[in-house]
Amino acid sequence: MATIKAVRGTRDLLPPDTILWNRVEATARSVFARYGFGEIRTPVFEATELFARGVGEETDIVSKEMYTWEDRGRAESDRGQSLTLRPENTAGVVRAYIEHGMADNGMLEKLFYIGPQFRRERPQRGRYRQFWQIGAEVLGPPWSGSDSALRDAEVLEMLATLLNELGIEGWRLALNSVGSAEDRKRYSVALREALEPVKHNLCEDNQRRAETNPLRVLDSKDPGDQEIINGLPKISEFWSEDSRTHFDQVKAALDACNVPYVEDPRLVRGLDYYTRTTFEFTVPDGSGLGTQNALLGGGRYDGLSEMLGGPKAPGIGFAIGEDRLILTLQAQAKEAEPAKLDAFVAPMGVGQNAAALKLAQELRRAGLGVEVGDGSWRLKKSFETADKLARKMIIVGEDELASDVFTVKDFSKGEQLKVSRTELLETLQRPSLSTSSVAVRKKSNIERLAEASVIKPDDLSKHDQAILENLSDSEVQTLIQLRQKLGKEKASSDIWHPGLDINL
RNA sequence: GCGGCUAUAGUUCAGUGGCAGAACGCCGCUCUGUGGCAGCGGAUGUCGUGGGUUCGAAACCCACUAGCCGCCCCA
């Protein structure tokens, strides 16, 4: 039977990767909290109309990348309603902001979200059809100061802090202003005019853009078109006095906070709602993203609330591509080793299984991370499994249960000691076994052989024979010296060593 | 959506038309309460799916699916 697999562009996130995901999200929550942001969770699907009006009918996202379907409710009201899996989260946040009258308290709202988004694109590394974004929005009525350049700089400074705390290396902040909605409109017209006489010289993609979205011609990567693009009017020539002042204030505040940035006059964001400040954080080549090197993007959206039928509520926000952030952290080798459990409880036989589970229960209740083995395993398997999973192993056999004294192995030190039941918890909570306790170091194979009465093939197990056969010359010397020290050797011929093919 | 590369064991991969392979990992034994090393043994599998060519296909051809790379776009 054909197995069912995750659909194209979606994927499962498994341990140990999820450790990193949780660390990233915990770090983000911690940083956001320090800047006064509260979490918002909006539905993963919304009325299609929201994205058409908010993101822009002409954008690629809305025109060809949305997962859209017609609802089939019983009620007349929802039958046939067009619904869409959210391709981004800003429109949903602003919709909720309007719907819950959050503008009415006159305060600045600072909201963050962490959640999956959906776009039907061709999957690639760092680009998935279900992908995760960590984003935040600052918005409010004009009198709350929501359109102040201070907020732009605060958001950018917060992002710099977040990336630094996560340990992202070599990030680069590209900054631009696309001007007010009016500036942008005038610029768009001017671009169209400037492109008209030359656009037949552009590549096919750019000819199309010249018609549909002339701003996007600016960040084309086509090398043949660069000369024409360089000759086009600059957005800065179309900034109003307010737009220019606002941008200067953002830059001044970033300078004051020592947040490095690079002005990029060609940085125009694809979504229709952006006004004035736009920005993008990228990472250098070799950070695991290939050409998809944008980690996050965002900007100001002073008119979005009104576009969605709400009150005047300027805002600024960003979305971090969490999948890309994770890839970058992994490529930059920041992946944490999976944390080991505190203890592994190893029952010696199935008869000790119940007692072992009970001991694990007590330790877990005391807050320790504990895994339990199985009495049907050989001790060797318990050791191997325990060493992979935990820092220490407790042997639970008949002797231990009878005497209430347990054998505890510390893998980090190779030490082993006997601990009474009452001391057990304390012993396990210590980072490593105390030196004040009587530590019993495991005997090496050589030491064990040194204590054997006679070393002759007939008297040795196959295991010991194999060990002997594989001793290096220096190990053989050590063995002989040990035996002489122990007074075992009357004659050196008591040691048989096949590797040297002599009687020593 | 467009162009290209790839798909074989749990993993990484070899295998250019003639018995399905290696390494690592896994399991067992040597070794019944002291592991990690070593030796020996074992299981890995619809060779992505479906069709075609051929006496014979993992290999050649076609389609599909998925991943990756670039473009488009974007996080």
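Side-chain atoms are counted along with the backbone in the values below, which use heavy atoms only and exclude waters and symmetry mates. In this text the structure is predicted, and so the values were computed from the model without any measurement. Letters A, B, ... are given to chains in the order of the sequence lines, protein chains preceding strands, and every chain is numbered from 1.
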How does each nucleotide of nucleotides 66-72 of chain B score, in 5' to 3' order, for protein heavy atoms under 4.0 Å: base (B), sugar-phosphate only (S), or none (-)?
SSSBBBB

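- Phe406(A) places its CZ atom 17 Å from the C1' atom of rU34(B), with the value rounded to the nearest Å.
- The C1' atoms of rG25(B) and rC19(B) are separated by 26 Å, rounded to the nearest whole Å.
- The distance from atom CZ of Arg119(A) to atom C1' of rC74(B) is 5 Å, rounded to the nearest whole Å.
- Donor-acceptor pairing under 3.5 Å, judged by distance alone, is present between the side chain of Glu400(A) and the base of rG33(B).
- In this structure, Ile395(A) reaches the bases: a heavy-atom distance under 4.0 Å links it to at least one base atom across the strands shown.
- The partner of rG10(B) is rC24(B), by the rule that a Watson-Crick or G-U pair needs both atom distances under 3.5 Å.
- In this structure, the aromatic ring of Phe131(A) is positioned over the six-membered ring of the base of rA75(B), centres within 5.5 Å and planes within 30°.
- Rounded to a whole angstrom, the distance from the P atom of rC61(B) to that of rG17(B) is 12 Å.
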Derivation and outcome, side-chain contact (heavy atoms from CB on, under 4.5 Å), residues Trp132(A) and Ile326(A)
CA-CA 10 Å; Trp132(A) 293 72; Ile326(A) 299 279; over 6 Å; no

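- With a cut-off of 3.5 Å on both pairing distances, rU32(B) has no Watson-Crick or G-U wobble partner at all.
- Here, rA66(B) and rG50(B) have their C1' atoms 15 Å apart, quoted to the whole Å.
- Following rounding to the nearest Å, Trp21(A) (CH2) and rA75(B) (P) show an atom-to-atom distance of 16 Å.
- Residue-level contact check: Gly297(A) touches the backbone only, with heavy atoms under 4.0 Å from sugar-phosphate atoms and none from bases.
- Using a 4.0 Å heavy-atom criterion, one finds that Phe318(A) contacts no nucleic acid atom at all.
- Rounded to the nearest Å, the gap between the P atom of rA23(B) and that of rC55(B) is 37 Å.
- At least one donor-acceptor pair under 3.5 Å links the side chain of Arg324(A) to the backbone N or O of Ala294(A).
- Regarding Glu384(A), its CD atom lies at a distance of 13 Å from the P atom of rG33(B), rounded to whole Å.
- Base-pair partner of rU16(B): not found among the strands shown (Watson-Crick or G-U wobble, both distances under 3.5 Å).
- The closest side-chain donor-acceptor pair between Thr59(A) and Asp272(A), if any, does not fall under 3.5 angstrom.
- Across rA7(B) and rG48(B), the matching C1' atoms stand 6 Å from one another, rounded to whole Å.
- In this structure, Arg120(A) reaches the rG1(B) phosphate: one of its side-chain N or O atoms is under 4.0 Å from OP1 or OP2.
- Pair assignment for rG50(B) gives rC62(B), based on Watson-Crick or G-U wobble hydrogen-bonding distances that are each under 3.5 Å.
- In this structure, the ring of Tyr67(A) has its center no less than 6.0 angstrom from the ring center of Phe118(A).
- Taking atom CZ of Phe383(A) as the reference point, atom P of rC37(B) lies 14 Å away to the nearest angstrom.
- The CG atom of Leu325(A) sits 10 Å away from the C1' atom of rA75(B) (whole-angstrom rounding).
- Considering only side-chain N and O atoms, Lys388(A) lies under 4.0 angstrom from the phosphate OP1 or OP2 of rC26(B).
- Of the residues Thr278(A), Leu254(A), Asp152(A), the one that meets the side chain to side chain contact (heavy atoms under 4.5 Å, CB included) test with Leu175(A) is Leu254(A).
- In this structure, Phe344(A) and Trp377(A) have parallel ring planes: the angle between them is below the 30° cut-off, well short of the 60° mark.
- As a whole-Å value, the separation of Asp399(A) CG from rU32(B) P is 16 Å.
- Following rounding to the nearest Å, Lys380(A) (NZ) and rG39(B) (C1') show an atom-to-atom distance of 11 Å.
- Between rG4(B) and rC40(B), the two C1' atoms lie 48 Å apart (nearest whole Å).
- As rounded to the nearest Å, rA57(B) and rG39(B) have C1' atoms that lie 40 Å from one another.
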Show your working on side-chain contact (heavy atoms from CB on, under 4.5 Å) between Leu357(A) and Asn353(A) and close with a plain yes or no.
CA-CA 6 Å; Leu357(A) 189 61; Asn353(A) 271 356; over 6 Å; no

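- Nucleotides rU16(B) and rA58(B) are separated by 11 Å at their C1' atoms, to the nearest Å.
- Between Asp342(A) and Arg391(A) there is a salt bridge, since at least one side-chain N of the basic residue sits less than 4.0 Å from a carboxylate O of the acidic one.
- Heavy atoms of Thr407(A) sit under 4.0 angstrom from at least one base atom.
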For salt bridge (charged side-chain N to carboxylate O under 4.0 Å, His left out), just list the numbers for Glu154(A) and Arg151(A), CA-CA rounded to whole Å, side-chain angles, deciding distance to a tenth of an Å, and then say yes or no.
CA-CA 5 Å; Glu154(A) 183 185 35; Arg151(A) 297 305 162 193; 2.8 Å; yes

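- Nucleotide rC5(B) forms a pair with rG67(B), judged by Watson-Crick or G-U wobble geometry with both contacts under 3.5 Å.
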